[in-house]
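Written out below as structure tokens is the structure these notes cover.
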Amino acid sequence: MASIEGAGAGAGPGLKIYAGADPFGSELKEAVVAYLRSLSLSLSPSVSSGLEIVDLGTHPKYYYIASLVGTHVSSSPDSTRGLLVCGTGSGVAMFANKHPHVYATTCLTPDDAINSRSINSCNVLTLSGLATSPSDAIQIVDAWLNTPFKAPCPASGGQPWGEDIQTFLEAAPAEMAKIGQNQTAQIDGDGDGDGDGDGSPCAICYLRKGMDFQPVDIMPGGEMKIVRETPTSAYVKFKAGSVEPAHHHTFGHDLVVIKGTKKVWNLTKKESYDLTDGDFLFTPAGDVHRVKYFTDTEFFIRWDGHWDIFLDEDLDTAKAAIDKEIAAGN
């Protein structure tokens, strides 16, 4: 039976362990959880806060239970650890590691566990329900619980790490914690996630890069690029001051403003909407509407069928009507 009293940066008092498995790892998880609970009961009063074992059960989807354990450990990485078991141990490790501050490692031997604790500060242990027996799993768990970060380990030949490795290991936790936060900035240079480094706000903007736009001849100042047909998706842009005369479509459409400022007057419903970055609007099929663009504006739009448009007035009539609405504060 393991003793965690002298573990230092190993298990330590007040540690909560979240456990879970898929059906291939359920039996082994039950055996290890029972062992951990017996271990927590055996702790001396000096570590009476001891181990708390939270068994999250078995879920048929290994990635779901891995993510659930990963979420718990990620939220309190200094006081929690995770134990996951699936058929190989690899699948649950992959999905637990998607969460920040989670360092999950599949261990098949006690030496694996000691190395992963010493070198990687592993806080989620994953086991193979198909390849690991309960007795072997208990030895692996003991090694994992009782090995502090930076401790001598098989990889160091059982000796304390040299000064250069110690320096590296001491700096590693802070650097590892930043990996998830800085990843997009490292990829695209500006941290917005679109991969272009220019500060564009979203993935749709990345899709827009390199598009060849076609002028909307019946609406000067407008250009569009149809991305997909039936249902139709399109990226549209209008210059500041442009106007869409009253018109309607066969199909209703969803619209999301990527950037810019516009106003839509729904003449059928006798309503108006001021839209800017990130705003959404749905216009039902057949509703007649006018639009005015106050700044250069780009938006993403989706119809349920082929794109079509039917004008209900000319451009001059639309401009006069919009000027009148704006003067009236509508």
Next on the checklist: Which heavy atom of Trp265 sits nearest to which heavy atom of Glu325, and what is that distance?
Outcome noted: NE1-CB, 3.8 Å

Checklist entry - When you measure from the side chain of His59 to the backbone N and O of Lys61, does any donor-acceptor pair fall under 3.5 Å? => result yes

Next on the checklist: Can you tell me how the ring of Tyr18 sits relative to the ring of His72, calling it parallel under 30°, perpendicular over 60° and tilted otherwise?
Outcome noted: parallel

Next on the checklist: Could you report the tightest heavy-atom contact between Cys107 and Ile140, atom names first, then the distance?
Outcome noted: O-CD1, 3.7 Å

Checklist entry - Hey, is the main chain of Thr261 close enough, under 3.5 Å, to the side chain of Thr297 for a donor-acceptor pair? => result yes

Item to check | Cluster check Ile17, Val73: I/L/V/M/F/W/Y, side chain < 4.5 angstrom | outcome: no

Next on the checklist: Can you tell me how far apart CD1 (Ile138) and OG (Ser38) are? Round to the nearest 0.5 Å.
Outcome noted: 7.5 Å

Checklist entry - So, the side chain of Thr58 versus the backbone of Asp22: is there a donor-acceptor pair under 3.5 Å, distance only? => result no

Next on the checklist: So that I can tick it off, tell me whether Glu313 and Arg290 are bridged by a salt bridge, with the cut-off set at under 4.0 angstrom between side-chain N and carboxylate O.
Outcome noted: yes

Checklist entry - Counting only heavy atoms not in Phe251, do more than 12 sit closer than 6.0 Å to its CZ atom? => result yes

Next on the checklist: Taking Ala104's backbone N and O only, do any of them form a donor-acceptor pair with Asn97's side chain (distance below 3.5 Å, no angle check)?
Outcome noted: yes

Checklist entry - Between Asp279 and Lys262, is a salt bridge (charged side-chain N to carboxylate O under 4.0 Å, His left out) present by the stated rule, with each step listed? => result CA-CA 10 Å; Asp279 285 341; Lys262 62 186 286 189; over 6 Å; no

Checklist entry - Taking the side chain as C-beta and beyond, is there a heavy-atom pair between Val85 and Val32 under 4.5 Å? => result no

Next on the checklist: Using only atom types and a distance under 3.5 Å, with no angle test, would you say the side chain of Arg117 pairs donor to acceptor with the backbone of Cys122?
Outcome noted: yes

Item to check | Closest non-hydrogen atom pair, Phe300 against Ile258 | outcome: N-CG1, 4.1 Å

Item to check | Residue pair Val288, His247: steps toward the side-chain contact (heavy atoms from CB on, under 4.5 Å) verdict | outcome: CA-CA 5 Å; Val288 177; His247 63 280; over 6 Å; no

Checklist entry - Step by step, would you call Leu255 with Thr283 a side-chain contact (heavy atoms from CB on, under 4.5 Å)? => result CA-CA 8 Å; Leu255 177 151; Thr283 301; over 6 Å; no

Checklist entry - Is Phe168 atom CZ crowded by more than 12 heavy atoms from other residues, nucleotides or ligands, each under 6.0 Å away? => result no

Checklist entry - Do the side-chain N and O atoms of His289 and His248 include a donor-acceptor pair separated by under 3.5 angstrom? => result no

Checklist entry - Would you find a donor on one side and an acceptor on the other, under 3.5 Å apart, between the side chain of Asn115 and the backbone of Ala155? => result yes

Item to check | Step-by-step side-chain contact (heavy atoms from CB on, under 4.5 Å) determination, Leu127 to Trp144 | outcome: CA-CA 12 Å; Leu127 299 171; Trp144 179 67; over 6 Å; no

Item to check | Check against side-chain contact (heavy atoms from CB on, under 4.5 Å), Leu39 and Leu145 | outcome: CA-CA 11 Å; Leu39 176 62; Leu145 284 174; 3.6 Å; yes

Next on the checklist: Using a 3.5 Å distance criterion without hydrogens, assess whether the side chain of His101 forms a donor-acceptor pair with backbone atoms of Ser74.
Outcome noted: no

Checklist entry - Is a side-chain N or O of Thr295 found less than 3.5 angstrom from the main chain of Ala240, in a donor-acceptor match? => result no

Item to check | From OG (Ser272) to CG (Asn266), nearest 0.5 Å | outcome: 9.5 Å

Checklist entry - Shortest non-hydrogen contact from Lys29 to Ala21? => result CB-CB, 3.7 Å

Checklist entry - Would you say His99 and Thr71 make side-chain contact, with heavy atoms under 4.5 Å? => result yes

Next on the checklist: If you compare all heavy atoms of Cys153 against all heavy atoms of Ile114, which two are closest, and at what distance to 0.1 Å?
Outcome noted: CB-CG2, 3.5 Å

Checklist entry - Within 45 degrees of the axis of the six-membered ring of Phe95 and under 6.0 Å from its centre: does Lys98 put its NZ or CZ there? => result yes

Item to check | Flag, side chain of Ser233 to backbone of Arg302, donor-acceptor distance under 3.5 Å | outcome: no

Checklist entry - To the nearest 0.5 Å, how far apart are OH in Tyr35 and OG in Ser135? => result 12.0 Å

Next on the checklist: Using 30° and 60° as the class boundaries, would you call the ring planes of Trp303 and His253 parallel, tilted or perpendicular?
Outcome noted: tilted

Checklist entry - More than 12 heavy atoms of other residues, nucleotides or ligands under 6.0 Å from OH of Tyr64: is that the case? => result no

Next on the checklist: Can you confirm whether the side chains of Ser118 and Trp161 place a donor and an acceptor under 3.5 Å from each other?
Outcome noted: yes

Next on the checklist: Tell me whether Tyr273 at atom OH has more than 12 heavy atoms from other residues, nucleotides or ligands lying less than 6.0 Å away.
Outcome noted: yes

Checklist entry - Between the side chain of Asp136 and the main-chain N/O of Thr132, is any donor-acceptor distance below 3.5 Å? => result no

Next on the checklist: To the nearest 0.5 Å, what is the distance between CG on Asp55 and CG on Leu83?
Outcome noted: 9.0 Å

Next on the checklist: With a sphere of 6.0 Å drawn around CD of Glu27, does it hold more than 12 non-hydrogen atoms of other residues, nucleotides or ligands?
Outcome noted: no

Item to check | NZ/NE/NH1/NH2 to OD/OE distance under 4.0 Å, Lys263 and Asp274 | outcome: yes

Next on the checklist: Show the nearest heavy-atom pair for residues Tyr103 and Asn123, with the distance to one decimal.
Outcome noted: N-OD1, 2.8 Å

Item to check | Close side-chain approach of Thr88 and Thr106, heavy atoms under 4.5 Å | outcome: no

